[in-house]
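Taking it in order: structure first as C-alpha cells, then the write-up.
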Amino acid sequence: MTAYLLLLISTALVNNVVLVKFLGLCPFMGVSRNMDSAFGMGLATTFVITLACAATWMLEHWLLAPFGLGYLRILCFILVIAAAVQFVEMVVKHSAPALYQALGIYLPLITTNCAVLGVALLTVQEKMGFVETLVYGFGSALGFTVVMLMFAGMRERLALARVPAAFAGAPVSFVLASLLSLAFMGFAGLNFQAP
Amino acid sequence: MLIAILSLTLLGAVLGLGLGLAARRFHVEGDPLVAQIEALMPGSNCGQCGFPGCPGAASAIAAGSAPVTACPPGGRALAKALAEKLGIAIDLGQVADAGPRIAAVAEEICIGCCRCIKVCPTDAIVGAAKQIHNVMREACTGCGNCVERCPTEAVTLQPVPVTLQHWVWPRPQLAGA
Amino acid sequence: MSATVLSAPVAAPHAATSASVSRVMLWVMAALAPATLFGFWLYGWPAVHLWWITIAFALLGESLCLRLMRRAALPVLFDGSALLTGWLLALSLPPWAPWWIGATGGFFATVIAKQVFGGLGQNLFNPAMVARVALLISFPVQMTLWVAPVPLGSAAAPGFVDGLRITLGALPGALDAVASASVLGHAKTELSRGVDLLHSFAVSSAPTFGLDGMRAGSMGETASLLLAGGGALLLALRIISWHIPLAMLAAIALPAAILHAADPARYLDAGSHLLAGGTLLGAFFIATDYVTSPNTRAGQLLFGAGVGGLTFLIRTWGGYPEGIAFAVLLMNALVPVIDRYLRPRIHGRDRRGRALDIPDGEGS
Amino acid sequence: MGLLERFFKPSWGVHPDDHKRPAADVPLRTLPLPERLYVPLQQHVGGPARPVVLAGQKVLKGQLLAEAQGNISAPVHAPTSGRVLAIGEVTAPHPSGLAQLAITLASDGDERWLEREPVADPFALAPEEIARLTAAAGVVGLGGATFPAAVKFNLGRRLKVSTLIVNGGECEPYLSSDDAVMRVRAAEVVDGLRIVMHAIGAANALVGIEDNKPEAIAAMRAAAAPFGDVAIRPVPARYPMGSDKQLIQVLTGKEVPADARAAEVGVLVHNVSTCAAVHRALRRGEALVERIVTVNGGAVRAPGNLLAPIGARVADLLAFAGLAAEPARLILGGPMMGTLLPHANVPLVKGASGVLAFDAREAARPAAGPCIRCGSCTVACPMGLLPLEMASRIRAGDLAGATGFGLSDCISCGCCAWVCPSHIPLVQYFSHARGELAAGERARLRNEATRRLVEQRGERLARDAREKAAAAAKRKAERDAAKAKAAAATESAAASSAAVSAKAVSP
C-alpha cells in the first residue's frame, strides 16, 4: 500500500508529466485560460489516461506480447486511446455542453496528447504490473490536473494584470510556465526510502 | 500475419460497436448555439448586416462566416456579448459605437409622405398621409432604415440624451492602477 | 460663492487612511534592519558589499524595465518594493557569495519575476524567492558555500578593501579558509553518507547553533531572535497578520517533533527546524508577502501550513537541504486556486454564495 | 455559526477620525429664509412627484406642490409661503451635474402656514391611517436612503415586524445632524418612534446610538424612560455602524439574507430624524418642509447644525455659516458615502444630512497606485466581500466576473476605498460596474420589447395581407359574380335575341 502511495506521489509531483517530462504541453498552454475548463480538461485526461493504461496493459499482456505483435503496439494503443477519447467527447457533449464548447478542439486532441500515449508506453517499458500501471497512469493524470489547475489559476490572474505589451499573451504564459517548472524542481530527488 | 489482421479487425470491431452504442446513449439534438445567439440579437430584422434578418445573421455568426461585429444596431455591447458566447477575443476598439441613437423627425421639413412608416421594423413612427410624423422613443431601435427612405432628409438619428436615471459613473482613469 | 465645476466626478469616500504602500515597505525594512546589521557584523564587509550590490541591481532592473515601457520610473522606485525585494534576496544569499550572484539575482528578481508580469502587485511568484531558486539551480556551488562567523573586529575578519576583493572574486582562497557548513546542509550530507544524526552532530567540527545566531548560514537568516523581534513588530503594527507565520511554523514544527520522537537518528528536532535555515525569515518576511499570498484568513492559514509542510518535506526527504524557497514558490502557484475556493462568507449569504433562508416564524 | 465563525470573528469596518466636534456641540441655529427656494420634484427613491401648482400661483407654507405618482413615491410641499416662479430644470445635487425638474418659489417672507390639522391621539388611529398621513406629509427616510416612510410602514405591517430599530448610529464622520435631533428633539423622536411602532405593529423598539454621542444617549434615555418598550442601546463607534444590515446584526444578532428585506426577519429600521418627522406630521400636521443639516468641513468658518428649509441652496447654507477658505471640494452628505457636488448652486433635499466644504488639505488625495493585494479591503468590508478581486475584474472589463464576487451585495459604504494603502477608488469602480450592468439590463429589456414590436408588426402585416387578400378575393368574387351575371345576361339576351331573331326568322 505504502509503495503505491509513494508511486502516486512520485508520478504526480516528482516526475510530473508536464513540468518535468514536458509531455502534454499542447492542452497545458491551450486550455488553461480559466480554471473551470482546465479542471474539466484535467478530469477528461485523467479518465482517458487511466482507461488507456488499463486497456493497453491488457492489450500488451494478453494480445501483443503472447502473439509477438510488438510492432503493432503504437497502432493498437492509438486505436484504444482514440476510442476512449471519442467516448469522453460524447459524454462531455451530452452532459456538459458549456465545457464541451470551452474545451473546443482540445478535447478530440487528447487523442494526440503525447502524455496519454507516453504514459501508456512508459508503463510497458517499465514492465509494470496491472495495479502499478493503473496507479502510474492515475498519478500522472493527477499531476497533470493539479498543474493544469495551478497554471489556469495563475493565468486567470495574469489576464487581469497590466503585462507589458512585449510580453502580453503567450510570452508571459511561457515565462510563467518556466517559473512553475523551476518551483517543481524542489521536488527533485525526493526519496522516502531510508538513506 | 493472419493473427495481426484478425486481432486488429477484432479490436476495431469491438471498439466500433462500443462507440456506436455510446453514440446512441449520449445523443445530442441539434446545435443550440444559433438559438442562443439569436436571443442576443436586437431582433428588429433591419437588415443592415446584409443578412436576411436576425436569424440569418445568427446562423452566419454561429457558423463563423460573419464576424461578431456584424450588427450595427447592437453596437459594442452586442459584439462583446457574442464574443463571450463564442469564446473568441475581439478588439472592441474597431467597433464603431457612438452610443445609442434614435430617430427624430424635423417637423418643419416632414411632408407626411409615410415612406418611413412603411420601413420601420418596430412600427415606431406614427403619423398619417399629409400629417407630420413622430417617433416613439421607447420603440425606436435606431436602425436607420427611415433615414434612408426619407425624401426630404427630415429624419435623422440623434444621440439619446443622458438623464439622471441613465447616467453611469465613468470608470476611474488611473495612470498607476 | 464658488461655482467650481469639476472636470471628472470623484466618487465617495472623500476621506482616506494615512497608510500608504511606501510606508508599509518602510516598516518592513525597519523590521529587517536589526537582523541585517547583525549579519553585517557577523560576516563582515563581504556581506555588506553583496547586500548593496544585490539591491543596486534590483533597482537597476526595475528602472530599466520602466524605461523600456516608458513609464515614470521615479515614483515606482520610491515605493520601496524593488529595494525590499533586493534586500530580502541578499539576506537569503551566502554572505561571501561573489558579486555576480547578487547582481544576476537582483536583476532576475525584478525583471523576470516582477516587471514581466506587470510590476508591483501583479507578480505571481515572490520575486526574491524566484531569484534565489534560479541561482541555486544555476550555480549550486556558489550558492551553498557558507562561511563560519568572522565578526567585524575579530582577527579573521577581512577589512573594507579585502571584503570588496572577496566579493569581486579577486581573493581566491579567502573563502576556503573560513568555509563551513550550515546545519541543514551538514545533516543532509552526513545522512546521505550513511552517518546518522546522533553521530554526525556529535563530532566537534559539526556546526553548532543556538539562539545567538553565531553560525554559518545565509546573510540574514541566523539571527533568530532579531528576526522574531522584527516579525513581532510587524504583527504589532498589523502590517502582517499572525495567520501565515503561525501556520507555517506549526506545520514545520509538528511533523518534525513527531518524527524526531519516533526516530531521532534520522529526523532533526523541531527546534533545529525552526531556528535553522530561513524558517523565521521566511515565516515573517517572505511568506507574508501581500502580493503572493491569499487574501482571506482561512486561505492564509492553508497557505502557511502548505509552505511549512512542503519545507519540511523537501528538507527531510528532498534533494536540497533547504526548502523554504521552493515551498514558497509552490504555494505561490496555488494561491489563485486557494483564493478561488476559500472565499469569505458574504453577509446574508451562506458559504456557497446562496442567500440565507428567511427564518420561519418571522415575517410571513 | 459555531466555532469557525467565532474563530474568524468579524472585524469589519474602519475607524476614521470623526471630526464631529466642535460642530456637534454648537447650539442649533436656524437658517434665515432665503429669497428663492428650489424644490426638486424627486427627492426620494421611486417615481418623481407630479406638479399640482402653476407658475405664478400663490402658495402657503406646507401646501402641496407636487403629488406622489405611482406606488413608491412621495409628494413635495412648499417650504415657505410665496409665489411659484417657475417649474423647470435646476442642477441636481448629483456628481454628474445634470439637471432635474424643480419648482422655484419666491418667498414672501411671511412664513404663513396652510391650515394645519394635528392629530390629538395618533394611537387611536388605525395603522393604515397613520401611514396615509405620513405619506401625505411627504416623509421619506432622512438618513440618506430617502425611501418613502409610509411604504415601509405598510411593508412592516404586512410582514408582521416585531422589532423597530431606530437608527441613531450616525457613523459618518463630520455629521452630527441626527445627534442634534436627538439632543434637541429627543421627546419628538421618542413619540415619533412610538407612533411608528403603532403603525407597523411592533412590540418593542431598540434605539442604536454610537457611544461617541453621550449627550444624545443621555437625552434619549431621559425621553424614553417612561416607556418600557423603548430601549436605548449604545453601540460601539465604528463605521459603518449606521448601515441597516450591520446595525440589525449588532442589536439583534439577526442577519438579513441577501436580496431580502429587513422586514422579512422581523425588524424594520427607521432613522431618528425620520421618527421626529413622523411626530411632526401627525401631532402638528406639518408636512416635511425643513430639516436639520450639518454644515462642516475645514473651509467653513462657523461649523454647526442648521435648521434649513428644503430647497435652500447649498450656497445659502455656506454663506450663513461663513467660509474661511475657498472650498476645494463640496459634498452633500458625509465624507464616506456623500455625493460630490458640481457647485454650490444646488438645492438642499430631504435626504441631505450634511453639507461639507473641504479645504485643500482635506480634499487632497494621493495618486492611486497599483493594488498590492494587502487584503486590507477584505478585512474592512462589512459585507464580507473581496473588493480587490471585484475591482481588478472591473478594471479589465469583466463585469460578469465582478458580479460573481458579489458586486450586488456591496453597500457602497466606502470602507475598502478608505482603508486602501494604494488609494484605489474602489467604490467608483463598483458604481461604474453597477451602472453598466443596469444599462445592460435596460438594453436587454429594450431588446425584448423590440422583439415583441417586430412580432406585432409581422402579425399586423400578415393580417393586412390576409385582409387585403380577402378583400381582393371578395372583390374578385363580386366581379366574377357580376361578370357571370352580365355574361348570363348577355347570353340570355343573346339567346333571347337569337330567339327573337329565330322567332323573327322562323315565321
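By convention in this document, chain letters (A, B, ...) are assigned in the order of the sequence lines, proteins followed by strands, and residues within each chain are numbered from 1.
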Item to check | Beyond-backbone contact of D/V379 with C/R297, side-chain heavy atoms, under 4.5 angstrom | outcome: yes
Item to check | Interchain contact, D/L388 with chain C, by part (heavy-atom threshold 4.5 Å) | outcome: side chain
Next on the checklist: Less than 4.5 Å to any heavy atom of chain C: does that hold for the side chain of D/M336, its backbone, both, or neither?
Outcome noted: both
Checklist outcome for this item: Looking only at heavy atoms, the pair that brings C/A16 and D/H423 closest together is CB-ND1, 4.2 Å
Checklist outcome for this item: One option among C/A11, C/A15, C/A355 has the most heavy-atom pairs under 4.5 Å with chain D, and it is C/A15
Checklist outcome for this item: Honestly, the part of D/V14 sitting under 4.5 Å from a heavy atom of chain C is neither
Checklist outcome for this item: Applying a strict 4.5 Å limit to non-hydrogen atoms, the region of D/P173 in contact with chain C is neither
Item to check | D/R365 (side chain) donor-acceptor with C/H14 (main chain) under 3.5 angstrom | outcome: yes
Next on the checklist: Would you say CZ of C/F78 has more than 12 non-hydrogen atoms from neighbouring residues, nucleotides or ligands within 6.0 angstrom?
Outcome noted: no
Item to check | Considering all heavy atoms, the nearest C/I346-D/F405 contact | outcome: CD1-O, 4.3 Å
Checklist entry - Between atom OG of D/S376 and atom OH of C/Y290, what is the distance when rounded to the nearest 0.5 Å? => result 6.0 Å
Next on the checklist: Is D/S422 close to chain C through its backbone or its side chain, or both, or neither, when contacts mean heavy atoms under 4.5 Å?
Outcome noted: both
Checklist entry - Taking C/V24, C/L120, C/I239, C/D79 one by one, which has the highest count of heavy-atom pairs under 4.5 Å against chain D? => result C/L120
Next on the checklist: Less than 4.5 Å to any heavy atom of chain C: does that hold for the side chain of D/I331, its backbone, both, or neither?
Outcome noted: side chain
Checklist entry - Taking side chain as C-beta onward, heavy atoms only, is C/P344 less than 4.5 Å from D/L386? => result yes
Checklist entry - Measuring heavy-atom distances to chain C, does D/Y174 have an atom under 4.5 Å in its side chain, in its backbone, in both, or in neither? => result neither
Next on the checklist: Is C/T296 close to chain D through its backbone or its side chain, or both, or neither, when contacts mean heavy atoms under 4.5 Å?
Outcome noted: side chain
Item to check | chain C contact via D/C416 - side chain, backbone, both or neither, heavy atoms under 4.5 Å | outcome: neither
Checklist entry - Non-hydrogen atoms of chain C under 4.5 Å away: do they reach the side chain of D/A417, the backbone, both or neither? => result both
Checklist entry - Is any side-chain heavy atom of C/P13 closer than 4.5 Å to a side-chain heavy atom of D/M337? => result no
Checklist outcome for this item: dist D/R373:CZ -> C/D339:CG (nearest 0.5 Å) comes out at 5.5 Å
Item to check | Side-chain touch D/E255/C/R345, heavy atoms, less than 4.5 angstrom | outcome: yes
Checklist entry - Between C/P9 and D/P95, what is the shortest heavy-atom contact and its length? => result CB-O, 3.7 Å
Item to check | Salt bridge present between D/D259 and C/R349 (N-O < 4.0 angstrom) | outcome: yes
Checklist outcome for this item: Closest heavy-atom pair, C/V10 versus D/L340, reported as atoms and distance to 0.1 Å, is N-CD2, 3.4 Å
Item to check | Structural part of D/E389 lying under 4.5 Å from a heavy atom of chain C | outcome: side chain
Item to check | Part of C/D357 lying under 4.5 Å from any heavy atom of chain D | outcome: backbone
